[in-house]
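Single-structure report; data block below.
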Amino acid sequence: MPTYLTEPLPGIEARPGGAHYAVLDQGAHVLAWQPAGHRPVLWVSAASEFRPGVAVRGGIPLVFPWFGAGTDGEHAPSHGYGRITDWQREEVVEQQGSLRVRYRLAAREGFPAAMLTVEFGPEQLEVSLAIVNDTAAEVTVEAALHTYFAVGDIRRARIDGFDQASYVDTVPGADPGPHLQAGPITFGAETDRRYHHEGTAVLHDPAWGRTITVAKTGSATTVVWNPWIAKSAAMADFGDDEWQRMVCIEAANVRDTAVHLAPGATHTLSQTIGVAESAPQTV
Ligand code: TA6
């Protein structure tokens, strides 16, 4: 049976057959997915805060209903209110090693309702964000599944699936482009890019001898982020050397791929994550 968390924040946790699943009610925030016999697939900073109204640094924060400060640069909090608001938990179903949890966030002035469904399984993690425009007006929404993945060493990692994809480079001071990706994405400095990309990302992690796949639907942008050395040191909720062991791959609809919903329309953004070991694991 799942455990109903109260610490570090209210949520749901389950450990079927040696796996570990966890989601917090605040932000409908998926916190852990660790299939039995694997290392954790999602990364969480050892320096993360866990208190009401503060975004957890890691797992899958939900960016909703704007990205950063929004298309006009004037919205707060950063990445929207969805990730720091308690969502209404509507369904919890555990069966045969899987756990499904469904959450709802009510509409607010000018912004639509949303439903988040997470299915933790022994083979894959499915996360689906349905944006439901039950208002009488058209709405424009940005959204992302801001997923933090754990890697053994980012300097040896690479991400396939983006060859010839165009991207905007949002690292401060960089030429924003657009640029064209040539071959795999590799990491040697702060990386913060918005790719026009609708396919599957394949994260190769030779340090830990594994490959993580991120398939998605309903998403026209993939954000790839590693803060590297200086930005990690500048974030209080991020360990100075933790940049080496994480990367964000975010199924998104932001900026020129923001979602425009007519009254009564729904848009669903979803991702399915899998992990395969290419070498024996010492978990
Ligand atoms: O998704 C990449 C990004 O927009 C980065 O620019 C960085 O700000 C990151 O999100 C984390 O944002 P946060 O508000 O969680 O510190």
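Indexing begins at 1, ligand by ligand and atom by atom, following the structure's order. Basis for what follows: all heavy atoms, side chains included, without hydrogens, waters or symmetry-related copies.
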Using heavy atoms and a cut-off under 4.0 Å, could you grab the residues that are in contact with ligand 1, chain by chain, numbers ascending? R57, F67, S78, H79, R83, H146, D192, V223, W225, E250
Answer yes or no: are there more than 12 heavy-atom neighbours, outside Q96 itself, under 6.0 Å from its atom CD? no
Show me the donor-acceptor pairs, under 3.5 Å and distance only, between side chains in residues 175-187 and residues at least two apart or in other chains.
| from | atom 1 | to | atom 2 | distance (Å) |
| --- | --- | --- | --- | --- |
| D175 | OD1 | G177 | N | 2.8 |
| H179 | NE2 | D175 | O | 2.6 |
| H179 | NE2 | G177 | N | 3.3 |
| Q181 | OE1 | R193 | NH1 | 3.3 |
| Q181 | OE1 | Y195 | OH | 2.7 |
| Q181 | NE2 | G183 | O | 3.2 |
| Q181 | NE2 | P184 | O | 3.0 |

Donor-acceptor contacts under 3.5 Å from residues 52-80 side chains, at least two apart:
| from | atom 1 | to | atom 2 | distance (Å) |
| --- | --- | --- | --- | --- |
| R57 | NE | D237 | OD1 | 3.2 |
| R57 | NE | D237 | OD2 | 3.2 |
| R57 | NH1 | Y148 | OH | 2.8 |
| R57 | NH2 | D237 | OD1 | 3.3 |
| R57 | NH2 | D237 | OD2 | 3.4 |
| W66 | NE1 | P77 | O | 2.8 |
| D72 | OD1 | E74 | N | 2.8 |
| D72 | OD1 | H75 | ND1 | 2.8 |
| D72 | OD2 | H75 | ND1 | 3.3 |
| H79 | ND1 | G68 | N | 2.7 |

Who pairs with T117 by side-chain hydrogen bond (donor to acceptor under 3.5 Å, both in side chains), at least two apart in sequence or on another chain? none
Would you mind checking if R255 and E142 are paired as a salt bridge, meaning a charged N to carboxylate O distance below 4.0 Å? yes
If you count the non-hydrogen atoms of other residues, nucleotides and ligands that lie under 6.0 Å from CD in E123, is the total more than 12? no
